[in-house]
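Letters A, B, ... are given to chains in the order of the sequence lines, protein chains preceding strands, and every chain is numbered from 1. FYI, side chains are in, hydrogens and waters are out, and symmetry mates aren't considered; it's all heavy atoms of this structure.
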Amino acid sequence: MDLLEGERTQAPAEVEQSGRQEKVPLIELQVREYIGTFLWLGFLLALTASVKVPLDSSPKAAAVSISKAPWVFGAIQWLLQQWPAWLSGWVLPLLSMAVLFTLPWWGQKVGKMWVWIIFLILSLVWVGLTFLYMFMG
Amino acid sequence: MGKQGNNSFMGHIRPRQIRTGALRLRATFCLGGFSFLAFIVLTITGVLLLFYYQPGDRAFASLSELNSVLPYGGFVRSLHFWAGQMMVISVFMHMVRVVWSRAYRPLRELNWITGVVLFGLTVILDYSGYLLRGGQESGAAATVGQALFTSLPGGQALATVFFGQPSPLNGSTLNMFVWHAFILAGAVGFLQLFHFWRIRRGGGVRPL
Ligand code: HEM
């Protein structure tokens, strides 16, 4: 790997710089990965054991009137209840994704501080709507 | 690992030496790694679920049998469900970390874009999994998705490709199953490998 890195000729300054950082053997990373994996799996098992995943209402049972979205699309469902489908279901989500895709470009246009602010506002709005739907929807 | 190994894909994404800065917890908060771990658990439990789950009319019945009769069936289903929710959350948090440490900037733009695609696909995977539960709730969620597609010009055909023909009481169809278990999951698997390869091409994780 060192060899390969040595071969890179056009690395920009910041990479050059980080390339000069002190290096440690891979095992240092692996040890951290094992600990992280262990803790994460422990948390997952605890969640699985303590919170039962319910079955939904059987399609054979009498129809109950439900308009429930999974929580991942809770924000969109909330928007759909306020505004027309083209806006809530297409324009707003796609526009948000477009902002995300072009974030590196915005970084060069308006600077890193504004990128952070734009990203934070966008995220907070979507996360906020998700919570609104989950707990008040 | 010999020279051969160093030039291989694994040798590239797992170099023998790591920069000290990248090891610090606050460089990554392990969030990318946790997302990948969730994907591994999802793949293993997903393959186990494949052995019993039947998409379509039998979806709900097959899941309730799996849940209550099959040894460890409920456990495997729960693991799959919770790992799915945790993956969505950790992928999102990982994205927050990347913006915070400004790692979307040049050399890493392509990986940022790959990441946004991964984020979108992860959310859609979670939604499609919900439809596969085959209960009335999934039928309702499928109806909303279908209506969104059919509101587009020519959207009827798209809706049929993606959703098949779900009933309002059951969102599980063969189409949705193929998208969830094969196409979307396969795309996310492949893009993750590309993502890991690009991390090294971008010079590895660079802490703030
Ligand atoms: C399936 C989902 C994803 C997985 C498994 C994944 C995995 C990883 C891993 C393991 C790293 C190494 C550092 C770390 O752990 O933080 C990383 C870095 C990175 N990820 Fe992701 N990621 C995913 C989604 C995303 C998303 C949604 C974005 C942004 C939109 C993104 C952008 C990046 C970038 C730009 C880097 C380089 C960071 C740096 O150099 O500091 N990834 N990813």
Interface moiety of Phe73(A) toward chain B, non-hydrogen atoms closer than 4.5 Å: side chain
Side chain proximity check, Val41(B) to Leu41(A), heavy atoms < 4.5 angstrom: yes
Contacting region of Pro84(A) [heavy-atom separation from chain B under 4.5 Å]: neither
Trp82(B) side chain vs Val51(A) backbone, donor-acceptor pair below 3.5 Å: yes
Validation row: Leu79(B), Leu45(A) side chains within 4.5 angstrom (heavy atoms): yes
Segment of Phe36(B) engaging chain A (4.5 angstrom heavy-atom cut-off): neither
Under 4.5 Å from any heavy atom of chain A - which part of Phe34(B): both
Pairwise side-chain contact, Leu47(A) with Gln85(B), heavy-atom cut-off 4.5 Å (strictly under): no
Part of Ala38(B) within contact of chain A (heavy atom distance under 4.5 Å): both
Exam field: side chain Glu22(A) to backbone Arg19(B), donor-acceptor pair closer than 3.5 Å: no
Which portion of Val88(B) sits near chain A, non-hydrogen atoms under 4.5 angstrom: side chain
Exercise: identify the closest heavy-atom pair between Pro54(A) and Arg77(B): O-NH2, 3.0 Å
Test log, rule side chain to side chain contact (heavy atoms under 4.5 Å, CB included), inputs Trp90(A) and Leu152(B): CA-CA 9 Å; Trp90(A) 290 110; Leu152(B) 295 177; 3.5 Å; yes
Between CG on residue Leu55(A) and CD on residue Glu137(B), distance to nearest 0.5 Å: 10.0 Å
For chain B, the option from Glu28(A), Gln30(A), Gln108(A), Glu33(A) that forms the most heavy-atom pairs under 4.5 Å: Glu33(A)
Within 6.0 angstrom of Phe194(B) CZ, more than 12 heavy atoms from elsewhere: yes
Rounded distance (nearest 0.5 Å) linking atom CE of Met86(B) with atom CH2 of Trp40(A): 4.5 Å
Closest approach of Pro59(A) to Asn170(B) (non-hydrogen atoms, all atoms of both residues): CB-CB, 4.3 Å
Heavy-atom closest pair, residues Asn67(B) and Val53(A): ND2-O, 4.4 Å
Which of Trp86(A), Trp71(A), Trp105(A) touches chain B most, by non-hydrogen pairs under 4.5 Å: Trp71(A)
Largest heavy-atom contact set with chain A, pairs under 4.5 Å, which of Phe75(B), Phe60(B), Trp100(B): Phe60(B)
Over 12 non-hydrogen atoms of neighbours within 6.0 angstrom of CH2 in Trp116(A): yes
Most chain A-contacting option - heavy-atom pairs closer than 4.5 Å, from Tyr104(B), Phe92(B), Phe119(B): Tyr104(B)
Contact check, side chains of Leu148(B) and Leu80(A), non-hydrogen atoms, under 4.5 Å: yes
Distance (rounded to the nearest 0.5 Å) between Arg24(B) CZ and Arg32(A) CZ: 10.5 Å
Flag, side chain of Trp112(B) to backbone of Thr102(A), donor-acceptor distance under 3.5 Å: no
Under 4.5 Å from a heavy atom of chain A, the part of Ser151(B) involved: side chain
Minimum side-chain heavy-atom gap Val96(B)-Phe119(A) below 4.5 Å: yes
Side chain / backbone / both / neither for Ala49(A) at chain B, heavy atoms under 4.5 Å: neither
Side chain proximity check, Gln136(B) to Asp56(A), heavy atoms < 4.5 angstrom: no
